[in-house]
Amino acid sequence: GLLLDALGIIGLGLLGLAAVKLARRDQSWGGTMMAVGVISLLVARLYFILSPHFMSKDVMIAIGPVGISLTIGLPPILLSVGLAGIVWGLWGHERWLKNESR
């Protein structure tokens, strides 16, 4: 568990750094989209790792039904947005490279 979680977080961090470098060096909007996707995946992954440590019955009662709905619905949305951002960013950067080579 913990080793794979740590390796996953490190891998996402490296992917994020590469996307930011790509966006800054080449001025590619695809790199920016990839960075946004990676950040969404990192936030969702960190939530899944840390939530068992801070989500107790007292916290659930304090945040109420709306907060509970957000804690259930937000992580899958972040994962979907993150994956879509990475794929869209890769596609956009590839299109940008084709347009630059002309």
Side-chain angles (χ1 to χ4, degrees):
L2 182 61
L3 179 62
L4 291 176
D5 286 336
L7 291 174
I9 295 294
I10 290 168
L12 282 172
L14 291 173
L15 182 63
L17 289 174
V20 168
K21 182 179 178 182
L22 183 69
R24 293 192 70 196
R25 184 187 67 200
D26 295 335
Q27 301 297 316
S28 166
W29 65 268
T32 305
M33 285 304 300
M34 282 189 279
V36 168
V38 168
I39 290 169
S40 294
L41 286 175
L42 272 172
V43 168
R45 190 67 195 133
L46 286 172
Y47 173 79
F48 281 131
I49 292 170
L50 297 176
S51 66
H53 302 291
F54 65 85
M55 294 302 274
S56 65
K57 286 189 178 205
D58 295 332
V59 172
M60 294 292 233
I61 292 170
I63 61 176
V66 174
I68 293 170
S69 297
L70 285 175
T71 61
I72 293 170
L74 198 56
I77 290 171
L78 284 172
L79 290 171
S80 299
V81 167
L83 183 60
I86 290 172
V87 171
W88 190 16
L90 285 170
W91 174 81
H93 185 68
E94 186 259 341
R95 299 268 304 175
W96 179 82
L97 285 175
K98 280 185 180 179
N99 289 340
E100 286 292 314
S101 67
R102 291 182 192 178

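Residues: numbered from 1 along the sequence shown.
- Atoms CG and CD1, from Leu4 and Ile9 in turn, are 12.0 Å apart once rounded to the nearest 0.5 Å.
- Following chains of ILVMFWY side-chain contacts shorter than 4.5 Å, one cannot reach Ile72 starting from Ile77, and the two form parts of different hydrophobic clusters.
- Both Met55 and Leu79 are part of a single hydrophobic cluster, where members link through side-chain heavy atoms under 4.5 Å apart.
- Taken to the nearest 0.5 Å, the OG atom of Ser40 stands 10.5 Å off from the CG atom of Leu83.
- Residues Tyr47 and Leu78 fail the side-chain proximity criterion, which asks for heavy atoms closer than 4.5 Å.
- The neighbour count for Trp88 CH2, taken as heavy atoms of other residues, nucleotides or ligands under 6.0 Å away, does not exceed 12.
- Heavy-atom minimum distance, Met33 versus Gly89: CB-CA, 3.7 Å.
- Scanning both residues, Ile68 and Met60, for their nearest heavy atoms gives CD1-O, 3.7 Å.
- Ile49 and Ile10 fall into different hydrophobic clusters, defined by Ile, Leu, Val, Met, Phe, Trp and Tyr side-chain heavy atoms under 4.5 Å apart, directly or through other members.
- Side-chain heavy atoms closer than 4.5 Å link hydrophobic residues (I, L, V, M, F, W, Y) into clusters, and following such links, even through other members, never connects Ile39 to Ile86.
- Note that the OG1 atom of Thr32 and the NE2 atom of His93 stand 11.0 Å from one another [nearest 0.5 Å].
- Taking all atoms of both residues into account, the shortest heavy-atom contact from Leu12 to Val38 is O-CG1, 3.1 Å.
- Ala19 approaches Ala35 most closely through the heavy-atom pair CB-N, 3.6 Å.
- In the hydrophobic clustering of this structure, Leu15 groups with Leu90; members are Ile, Leu, Val, Met, Phe, Trp, Tyr whose side-chain heavy atoms approach within less than 4.5 Å, directly or through other members.
- Heavy atoms only, all atoms of each residue included: Phe48 and Pro75 are closest at CZ-CB, 3.5 Å.
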Can you list the steps and then say if Leu41 with Arg45 is a side-chain contact (heavy atoms from CB on, under 4.5 Å)?
CA-CA 6 Å; Leu41 286 175; Arg45 190 67 195 133; 6.0 Å; no

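- Atom CG in Leu17 sits 12.5 Å away from atom CG in Leu22 (nearest 0.5 Å).
- Minimum heavy-atom separation, Gly31 to Ala23: C-CB, 3.8 Å.
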